[in-house]
Structures are given as structure tokens and as C-alpha cells.
Amino acid sequence: MEMRDYLSIRRAYNLVRQRVDSARRVNFSEFAILCRLSLTDRRMRTSDIAEYQGCLRPTMTHRTKHLAELGLISREKGETDRRNVVCVLTEAGHAEVKELCDETRKVNVEAHPTSRITVDRMCRSIDVMGSLNYMARDLVLLALNQTEGGALTVGALVDELGFLQPTISMSVMSLVEEGMVSRGRVSDDSSTLYVIITDKGRGEAKRLAEPIAGMTVGRKARKA
């Protein structure tokens with residue numbers, strides 16, 4: 001997957017998520033779980049979903065419980081091993097996947113009019129992207145590393161990534177503390193403060209970019 005496509009889809013969903021009532025919002029990882037359940041169209045053990053997203057079981061339990069509370073999935077005890085919990089998409093969950101994928105597709109096309117991504121392709125893209133638990137700070141590094149000169153204002157990062165300004169500001173503060181970025185002016189005659197990626201930040205961005213470059217979005221199987 002091209003970095004441009006990855007960041008564009010993440011931005012599009014961030015903007016779509018803001019339009020949803022706060023009580024019903026799902027984060028990107030939870031959205032990806034819904035897409036995976038939609039594509040597999042069968043029950044999945046929480047342990048298998050945790051393996052797919054590379055997270056610990058307690059984290060996956062929290063995510064799936066949230067989705068169940070929203071009525072988007074059901075969580076049931078396994079038939080052969082009662083210690084396992086299996087998840088299945090509800091009718092409301094199927095409808096939510098379709099709506100969120102369509103809205104994300106529309107926002108993505110608004111930014112890139114030549115894009116011909118379909119709802120099914122968007123769902124498959126979200127599914128593949130959901131295997132990486134990249135947070136706002138990670139996307140800030142990826143965006144800066146993609147930018148000529150490696151510098152953007154906080155406002156430009158908000159526009160580039162679709163996060164709210166407080167989220168970007170907190171991410172930048174964390175990255176400054178870790179030496180991944182610095183705050184400063186890009187020229188002596190500029191009065192504008194920029195977020196500037198450091199050599200350490202570029203190294204981390206390169207590490208984050210490697211699995212994205214290896215992502216492949218499968219095609220919908222053709223009917224015989």
C-alpha cells in the first residue's frame with residue numbers, strides 16, 4: 001500500500017468519526033474489527049482477532065465489549081471451549097460497516113477526485129490497515145516524514161490527518177519529549193512555529209512505514 005493511500009484513508013475516517021454522536025463512536029481499530037467480521041462473515045474468537053491486531057487479550061476484550069454494548073457485534077461463549085469468546089457481526093453491525101465505509105470513501109474521494117475506490121475496496125483496505133495499531137503520534141511522524149523539508153504547522157497537521165487540534169498538540173508534546181520532533185522556525189525571517197521531524201523521528205517513521213509498504217489489499221472473489 002502506498003503511504004499516500006494509507007494516510008488518506010486514515011484522515012478520511014478521522015473526519016467521518018467526528019460526525020458520529022460521541023456515544024456511538026468507534027475508533028479505527030474497532031472499525032477494522034467490524035470490517036474483518038464483515039468480510040469473514042463468520043464467528044471469530046477474540047483470541048484470533050487479538051492476533052490479527054497484534055494486541056493483548058485484555059485490550060481486545062475491551063474493544064469487543066464496547067462494540068457489543070453498541071449492538072454492533074454479539075459476544076458468545078465458544079461451543080467446544082467455554083473459556084473462549086466468539087464474536088459475530090449483528091444486522092446493525094453489517095449496516096454500520098456499510099455506512100462507515102461509504103462515508104469514508106466519499107470523504108476520501110473529495111480529497112482525491114481521481115480515486116475510484118468502492119465501498120467493498122474500502123472495507124478491505126480498512127481490514128488490512130487494522131493489523132497495525134498506529135496512534136495519532138505515529139501518524140504525525142509518518143506525515144512529517146512524507147513532507148518536503150519534514151516540517152508542518154500544527155494547523156497543517158490537523159488538515160493533513162483529520163484529527164482535532166488537541167489530539168495533534170498532545171501528540172506533538174509527547175514526540176518533543178522523546179526527541180522525535182522539535183518546535184521551531186524553518187527560516188530566520190519566519191515568525192511561524194513549525195513541527196520539525198528530527199533524525200531520530202525519521203528513523204522511527206521509516207520503521208513505521210515498512211509494514212505499510214508490505215500491505216496488499218485483496219480483491220473481491222468473482223462469482224463462478
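All of these numbers come straight from a predicted model, not from anything done at the bench.
- Counted by atom type alone, Glu51 and Ser47 present zero donor-acceptor pairs between their side chains at under 3.5 Å.
- Two residues are said to be in side-chain contact when any heavy atoms from C-beta on lie closer than 4.5 Å; Leu161 and Leu7 meet this criterion.
- Cluster membership for Val16 and Val119, using ILVMFWY side-chain heavy atoms within less than 4.5 angstrom, is not shared.
- Judged purely by atom type and a 3.5 angstrom limit, Asn133 has no side-chain atom pairing as donor or acceptor with the backbone of Cys55.
- Classification of Arg45 and Asp48 as a salt-bridged pair holds, one side-chain N sitting under 4.0 Å from a carboxylate O.
- Annotation: cation-pi geometry not satisfied between Arg10 and Tyr134 (NZ/CZ under 6.0 angstrom from ring centroid, within 45° of ring axis).
- Considering every non-hydrogen atom in both Ala92 and Gly71, the closest pair reads CB-O, 3.7 Å.
- A distance-only check finds a donor-acceptor pair linking the side chain of Arg121 to the backbone of Val217 [under 3.5 Å].
- Annotation: side chain of Ile117 is in contact with side chain of Ser125 (closest heavy-atom distance under 4.5 Å).
- Here the side chain of Gln18 pairs a donor or acceptor atom with the backbone of Gly162 at under 3.5 angstrom.
- Checked by atom type and distance alone, the side chain of Gln53 pairs as donor or acceptor with a backbone atom of Ser29 at under 3.5 Å.
- The stretch residues 22-31 participates, sequence neighbours left out, in no salt bridge (Lys or Arg N to Asp or Glu O under 4.0 Å) pair at all.
- Side-chain atoms of Cys87 and Arg43, non-hydrogen and from C-beta on, never get closer than 4.5 Å to each other.
- Closest heavy-atom contact between Leu70 and Ala23: CD2-O, 3.5 Å.
- For Glu210, the CD atom sits in a packed shell: over 12 heavy atoms of surrounding residues, nucleotides or ligands are nearer than 6.0 Å.
- Between the CG atom in Leu67 and the OG1 atom in Thr90 there is a gap of 9.5 Å [rounded to 0.5 Å].
- Annotation: His112, atom NE2; neighbour count of heavy atoms from other residues, nucleotides and ligands within 6.0 Å is above 12.
- For the pair Thr40 and Met44, the minimum side-chain heavy-atom distance is below 4.5 Å.
- At least one donor-acceptor pair closer than 3.5 Å links the side chain of Asp138 to the backbone N or O of Met135.
- Scanning both residues, Ala143 and Glu160, for their nearest heavy atoms gives CB-CG, 4.2 Å.
- Using a 4.5 Å heavy-atom threshold, the side chains of Val107 and Tyr13 count as separate.
- Between the side chain of Thr61 and the main chain of Arg57, a donor-acceptor pair closer than 3.5 Å is present.
- A side-chain donor-acceptor contact under 3.5 Å links Tyr52 to the backbone of Asp127.
- Residue pairs satisfying the side-chain hydrogen bond (donor to acceptor under 3.5 Å, both in side chains) criterion with at least one member in residues 192-203, sequence neighbours excluded, are listed as follows: Asn145-Arg202.
- In terms of modelled atom types and a separation under 3.5 Å, the side chain of Thr167 and the main chain of Phe163 share no donor-acceptor contact.
- Residue Leu142 comes nearest to Ala205 through the heavy atom pair CD2-O, 3.6 Å, listed as atom of the first residue, atom of the second, then distance.
- Atom CD1 of residue Ile212 and atom CG of residue Leu208 lie 7.0 Å apart, to the nearest 0.5 angstrom.
- Residues Glu103 and Arg19 have side chains in contact (heavy-atom distance under 4.5 Å, counting atoms from C-beta outward).
- Between Leu144 and Val195, the shortest heavy-atom contact is CD2-O, 3.5 Å.
- Under the 3.5 Å distance criterion, the side-chain polar atoms of Ser115 are left unmatched by any main-chain donor or acceptor of Val109.
- Taking both residues in full, the closest heavy atoms of Ser171 and Arg137 are given as OG-N, 3.6 Å, listed atom of the first, atom of the second, then distance.
- Classification of Lys106 and Asp102 as a salt-bridged pair holds, one side-chain N sitting under 4.0 Å from a carboxylate O.
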